[in-house]
Number of protein chains: 2
Amino acid sequence: MAKKPELLPGTLDLMILKTLTRAPLHGYGIALAIKQLSDDVLTVEEGSLYPALQRLLLQGWVKAEWKMTETNRRARYYTLTVAGRKQLGIELTQFEQMIAAIGRVLQNA
Amino acid sequence: MAKKPELLPGTLDLMILKTLTRAPLHGYGIALAIKQLSDDVLTVEEGSLYPALQRLLLQGWVKAEWKMTETNRRARYYTLTVAGRKQLGIELTQFEQMIAAIGRVLQNA
DNA sequence: AACCTATATATAGACTATCTATGCATAGAT
DNA sequence: ATCTATGCATAGATAGTCTATATATAGGTT
């Protein structure tokens, strides 16, 4: 690894879906939420964020809508679809299973 | 994600280094160890394994030596170097920090 | 003898997801 | 007038997987 990444590859879609469970958010807000919730450990770069949102849109896990923010700026708000909520459950389970498996390797090796 | 990956990207080098802490192992043995310790959740494909070992060699975290196995086959045994042991510590800390951060996002979002 | 499975290493090429860098736009504060 | 924060988006580079292929042989089965 040349430089340590800001994210663990493969976990971004999962985190985005999770941040949308409470309420719709725009992209910038999602990135802020992840940064803050992680105590500044995780930083979502724009070049990772927007392609990820496109993926989620294409797969139908989220839908998007242009709106005005509280501060009078145009922004694209993303909402979890029913399929997206289901997908979140699947990915959460897989992620936890994988983390547990890695944990076993790191403990017993 | 088209198909669920067998590994969480970015964790392979760490797991390889960890499996070498007890004793030198050859590539095939490392893959078997990870598979077994993870209860078959993690599978290290050859196309991931050997490039990873090349990376570790290049960076000086491991050294390699051709030997015969107990079953009389030629195999390349990898040993952790002092630098590799240090690197393992660094990566372990970073990994745990990142997992904790992701956990916070997934819990509080 | 012929075949199969497991063991063992290695590489080429495809694919995916990240990061870096860039561009555009504007609200509000200095 | 300029700067900072907010906000979206894409092109291209980079990195780390996976798939598929190639080679080789020990030991067991038909």
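Chain letters run A, B, ... following the sequence lines, proteins first, then strands; residues in each count from 1.
Out of D:dT17, D:dT6, C:dT18, the shortest distance to the side chain of B:Ser48 is found at D:dT17. Here C:dT9 is the nucleotide among D:dT10, D:dT17, C:dT9 with the atom lying nearest to any side-chain atom of B:Tyr50. Listed nucleotides: C:dT9, D:dC8, C:dT11. Nearest to the side chain of A:Tyr28: D:dC8. In the set D:dC8, C:dA6, C:dT18, D:dC8 carries the atom at the smallest distance from any side-chain atom of A:Arg74. Nearest nucleotide to the side chain of B:Glu45, out of C:dT9, D:dT19, D:dT17: D:dT19. For B:Ala75, whose side chain is taken as the heavy atoms from C-beta onward, the closest listed nucleotide among C:dT9, C:dT18, D:dT10 is C:dT9.
As judged by a 4.0 angstrom heavy-atom cut-off over every strand, A:Leu12 is placed among residues touching the sugar-phosphate backbone only. Across all strands, B:Leu49 comes closer than 4.0 Å to no nucleic acid atom at all (heavy-atom distances). Contacts of B:Gly27 with the nucleic acid, taken as non-hydrogen atoms under 4.0 Å apart, involve only primed sugar atoms and P, OP1 or OP2.
One interatomic measurement links the two molecules: CG of B:Leu58 to P of C:dA10, which rounds to 13 Å at whole-angstrom precision. Residue A:Phe95 contributes atom CZ, which lies 16 Å from atom P of C:dA17 at whole-angstrom precision. Rounded to whole Å, the distance from CD on A:Glu6 to P on D:dT14 is 18 Å. For the pair B:Glu70 CD and C:dA6 C1', the interatomic distance rounds to 15 Å; values are reported in whole Å. Rounded to an integer number of Å, the gap from A:Leu14 CG to C:dT16 P is 19 Å. Atoms CG (B:Leu57) and C1' (C:dA10) sit 13 Å apart, rounded to a whole Å. Atoms CZ (A:Arg73) and P (D:dA5) sit 12 Å apart, rounded to a whole Å. For the pair A:Tyr77 OH and D:dT6 P, the interatomic distance rounds to 13 Å; values are reported in whole Å.
Side-chain contact between A:Tyr50 and A:Glu46 is present, with heavy atoms from C-beta onward closer than 4.5 Å. Side-chain contact between B:Tyr28 and B:Leu49 is absent, with no heavy-atom pair separated by less than 4.5 Å.
Side-chain N/O atoms of B:Thr71 include one lying less than 4.0 angstrom from OP1 or OP2 on C:dA8. Dashed line: the shortest gap from a side-chain N or O of A:Thr69 to OP1 or OP2 of D:dT6 is not under 4.0 Å. Between B:Arg55 and the phosphate of D:dT14, there is no side-chain N or O to OP1/OP2 separation shorter than 4.0 Å.
At a cut-off of 3.5 angstrom, the base of C:dT9 holds no donor-acceptor pair with the side chain of B:Arg76.
The backbone N or O of B:Trp61 lies less than 3.5 Å from a partner atom in the side chain of B:Thr81, making a donor-acceptor pair. Between the B:Arg74 side chain and the B:Met68 main chain, no donor and acceptor come within less than 3.5 Å of each other. Side chain of B:Arg104 to main chain of A:Ser38: a donor-acceptor pair is present (N/O by atom type, distance under 3.5 Å, no hydrogens or angles). Between the A:Thr93 side chain and the A:Gly89 main chain, a donor and an acceptor come within less than 3.5 Å of each other.
Two residues, A:Trp66 and B:Leu8, neighbour DNA chain D, and the one matched to the more 5' nucleotide by heavy-atom proximity is A:Trp66. Comparing B:Glu46 and A:Asn72, the nucleotide of DNA chain C nearest to each residue sits closer to the 5' end for B:Glu46.
C:dT30: Watson-Crick or G-U partner is D:dA1, with both key distances under 3.5 Å.
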